[in-house]
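Quick notes on the structure that follows.
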Amino acid sequence: MGGMPPIAAPATLPETTRRMAAPAWLVMLLVCAGQFLVVLDVSVVNVAMPAIRTGLGLSELGLQWIVNAYVITFAGFMLLGGRAADIFGRKRIFVLGLALFTLASLGGGLAQQPWQLIVARTIQGVGAAVLSPATLTILTTSFPAGPARTRAIATWTAVGAGGGAVGGLVGGVLTEYLSWRWVLLINVPVGALVLAGAVLWLTESRQGAGRRLDVPGALLVTAGLALVAYGIVQTETDGWTSASALLPLAAGLVVIAAFLAVEARAKAPLMPLGLFRLRSVYSANGAMVLAGAAMFSMWYFLSLYAQNVLGYRPLEAGLSFIPHSLSIVLGSKIAPRLMNRLGAKTLAVTGAVISASGMAWQGAMDVHGTYLGTILGPGILMALGAGLTATPIAAIATSGADPADQGLVSGLINTSRQMGGALGLSVLSTIAASRIEAGHGLKALADGYGLAFHVGSVILLGSIALMVLALPRRRADVAHG
């Protein structure tokens with residue numbers, strides 16, 4: 001779900017608005033530019049993957065870490081970033097996150113070895129996790145409650161959707177006419193300009209006296225997720241019974257258990273475990289993890305198939321995904337209206353069924369694929385279904401929480417989506433690589449990518465089953481769940 005719009009937390013944050021020296025439109029421009037960069041970098045590298053692999057000599061499995069290094073740290077530190085903005089000041093954290101993100105982009109663009117690029121993408125993810133929550137909080141504390149704030153949040157959401165939607169096209173243009181390095185280097189001048197504007201014109205605000213940062217929690221959940229993902233990847237080359245796979249898998253599970261123990265005892269936990277007693281929270285987050293595991297990898301494998309099998313140039317691949325991007329934005333935009341007619345649970349299930357049918361169709365790809373039948377048709381179904389699914393799941397998750405916790409619950413949904421996506425990419429990449437290694441030539445590539453989509457559709461069916469069985473249908477169900 002690299003192109004999926006971010007899910008905005010409800011506008012119930014503490015009121016700490018100060019009169020801004022800069023006009024409202026300038027605040028909006030700076031904040032949305034920062035969010036645009038963060039979301040863009042989830043998807044912009046997908047089209048550049050074949051060029052990156054050739055340029056740095058990456059393996060089929062190693063390639064996924066260019067995506068996962070960013071996504072895992074983004075997910076693991078996102079909740080910590082939101083709390084840091086409240087405690088230390090929204091402007092200060094915005095500037096810090098953007099500076100870290102911009103410098104890491106420079107390092108990634110100049111990388112000469114695979115490990116250098118992966119380290120840069122990891123640091124980028126940390127910067128994005130610090131930056132992204134601050135962008136929304138600055139908006140909600142800079143605009144008064146009511147229509148002005150609603151319009152600001154809607155603009156923020158639309159910009160996030162646009163960043164994900166144009167990522168493939170931007171990546172294709174830069175890779176085709178400059179170099180894959182520019183999918184990262186382009187962040188440097190833009191980031192520096194926004195950074196200068198933020199320092200000059202944003203006004204500081206904070207609301208976190210007496211609160212603490214749960215740094216151990218963020219480090220543990222990120223390390224645990226990374227170890228599990230690494231262990232899954234090792235199974236392709238060494239098998240599930242090998243020490244190189246079992247040790248990181250076991251270590252990852254131990255670290256995640258340690259994270260849960262820390263959260264249970266922390267005075268200001270990153271993830272208050274008590275929230276998961278609510279049926280709405282645990283069912284929605286579980287469904288989102290599975291949906292993210294299936295949907296997130298769509299752009300990754302489509303980009304590889306279009307270029308490695310069908311022979312598309314980077315720009316052609318980017319252009320070919322425009323209908324997909326428009327479909328996911330359309331689904332996200334019409335979801336609130338459909339929720340009023342169908343109900344959130346029904347819409348979430350319907351969207352996931354549409355996406356699963358697209359994945360099953362996409363899995364039939366072969367070396368003789370055509371744009372209309374092999375990329376456009378199934379791609380529109382996958383993307384439209386993804387857009388229809390995320391909003392109702394987020395609405396259900398927040399519907400049962402206290403108003404004071406709704407921002408946190410919305411953050412948890414975003415975190416679950418990213419974490420599911422990271423683990424899903426590891427699993428599906430390993431499955432695809434296993435099929436590719438067993439064959440020869442373009443047919444093996446097509447078969448491997450197709451198998452990834454078929455397995456993704458099965459994972460999505462698991463998410464659908466969880467939605468049907470566990471998601472509450474009405475607010476009353478939440479209260480008594």
### Task
Go through the steps to decide whether Trp180 and Leu174 satisfy the test side chain to side chain contact (heavy atoms under 4.5 Å, CB included), and finish with yes or no.
CA-CA 7 Å; Trp180 67 262; Leu174 293 174; over 6 Å; no
### Message
With a 4.5 Å cut-off on side-chain heavy atoms, are Val228 and Ile256 touching?
### Response
yes
### Query
Any side-chain donor-acceptor pair under 3.5 Å between Gln64 and Ser426?
yes
### Task
Mark yes or no for whether Thr122, through its side chain, and Ile118, through its backbone, hold a donor-acceptor pair below 3.5 Å.
yes
### Query
Listed by chain and number, what are the side-chain contact (heavy atoms from CB on, under 4.5 Å) partners of Glu263, not counting sequence neighbours?
Asp214, Phe259, Pro269, Leu270, Met271, Leu273
#### Entry: Gln307 side chain vs Leu304 backbone, donor-acceptor pair below 3.5 Å
no
### Query
Looking only at heavy atoms, what is the nearest atom pair of Phe296 and Gln418, with distance?
CE1-OE1, 4.1 Å
### Message
Test your reading of the model: is there a side-chain donor-acceptor pair from Ser434 to the backbone of Ile431, 3.5 Å cut-off?
### Response
no
#### Entry: Whether Ser105 side chain and Phe101 backbone form a donor-acceptor pair below 3.5 Å
yes
### Query
With side chains defined as the heavy atoms from C-beta onward, is the minimum distance between Leu326 and Ile322 less than 4.5 Å?
yes
### Message
Could you go through Met49 and Ile66, starting from their C-alpha distance and side-chain angles, then the distance that decides it, and tell me whether this counts as side chain to side chain contact (heavy atoms under 4.5 Å, CB included)?
### Response
CA-CA 8 Å; Met49 283 297 175; Ile66 307 304; 3.8 Å; yes
### Task
Go through the side-chain N and O atoms of Thr102 and Asn187 and say whether any donor and acceptor fall under 3.5 Å apart.
no
### Message
Could you report the tightest heavy-atom contact between Leu40 and Gly167, atom names first, then the distance?
### Response
CD1-CA, 3.6 Å
### Message
For Gly331 versus Leu388, what's the shortest heavy-atom pair and its separation?
### Response
O-CD2, 3.5 Å
### Task
For Ser303 and Asn46, test the side chains for any donor-to-acceptor distance below 3.5 angstrom and give the result as yes or no.
no
### Query
Roughly how far, to the nearest 0.5 Å, is CG of Asp41 from CZ of Arg121?
5.5 Å
### Message
What I'd like to find out is whether the side chain of Gln234 reaches to under 4.5 Å of the side chain of Ser242, using heavy atoms alone.
### Response
no
### Query
Quick one: are Leu249 and Leu227 in side-chain contact, heavy atoms under 4.5 Å?
no
### Summary
Result for side-chain contact (heavy atoms from CB on, under 4.5 Å) between Leu310 and one of Ile375, Thr370, Thr374, Val367 points to Ile375
### Query
Under 3.5 Å, side chain of Tyr371 to main-chain N/O of Ser320, donor-acceptor pair present?
yes
### Atom pair CG/CE of Leu131 and Met78 - distance to nearest 0.5 Å
11.0 Å
### Query
Which residue, Leu195, Val194, Val199, forms the side-chain contact (heavy atoms from CB on, under 4.5 Å) with Phe94?
Val194
### Query
Heavy atoms, side chains only, cut-off 4.5 Å: are His454 and Val458 in contact?
no
### Query
Of all residues at least two apart in sequence or in a different chain, which pass the salt bridge (Lys or Arg N to Asp or Glu O under 4.0 Å) check with Arg181?
none
### Query
Taking atom CG of Leu37 and atom CG of Leu98, what is their separation to the nearest 0.5 Å?
7.0 Å
### Task
Give, for atom CG of Asp447 and atom CZ of Arg435, the distance between the pair rounded to the nearest 0.5 Å.
6.0 Å
### Query
Is it true that a side-chain atom of Arg92 and a backbone atom of Phe88 form a donor plus acceptor pair closer than 3.5 Å?
yes
#### Entry: Stepwise side chain to side chain contact (heavy atoms under 4.5 Å, CB included) test for Tyr449 and Val309
CA-CA 10 Å; Tyr449 303 147; Val309 177; 4.0 Å; yes
#### Entry: Test ring-ring contact (aromatic ring centres under 6.0 Å, His included) applied to Tyr70 - qualifying residues, sequence neighbours left out
Phe74
### Query
Looking only at heavy atoms, which two atoms of Gly107 and Ala120 are closest? And how far apart?
C-CB, 4.0 Å
### Query
Looking at Ile393 and Ala284, what are the two nearest heavy atoms and their distance?
CG2-O, 3.5 Å
#### Entry: Rounded distance [0.5 Å steps], CD1 in Ile138 versus CG in Leu30
9.0 Å
### Query
Between Val47 and Tyr312, is any pair of side-chain heavy atoms under 4.5 Å apart?
no
### Task
State, to 0.1 Å, how close Met295 and Thr389 come at their nearest heavy-atom pair, and which atoms those are.
CE-OG1, 4.1 Å
### Message
The test is side chain to side chain contact (heavy atoms under 4.5 Å, CB included); show your working for Trp65 and Ile72 and say whether it passes.
### Response
CA-CA 10 Å; Trp65 286 103; Ile72 288 174; 4.0 Å; yes
### Task
Say whether, by atom type as modelled, one donor and one acceptor occur between the side chain of Tyr305 and the main chain of Asp366 under 3.5 angstrom.
yes
### Query
Hey, is the main chain of Gly292 close enough, under 3.5 Å, to the side chain of Arg417 for a donor-acceptor pair?
no
#### Entry: Test item: Val221 and Phe77 side chains (from C-beta on) under 4.5 Å apart, heavy atoms
no
### Message
Using modelled atom types and a 3.5 Å cut-off, is there a donor and acceptor pairing between side-chain atoms of Glu176 and backbone atoms of Val173?
### Response
no
### Query
Any donor and acceptor pair, going by atom type alone, linking the side chain of Ser179 with main-chain N or O of Trp182 inside 3.5 Å?
no
### Query
With a 4.5 Å heavy-atom cut-off, do His324 and Met382 have their side chains touching?
no
### Query
What's the spacing between Phe453 CZ and Leu460 CG if we round to 0.5 Å?
12.5 Å
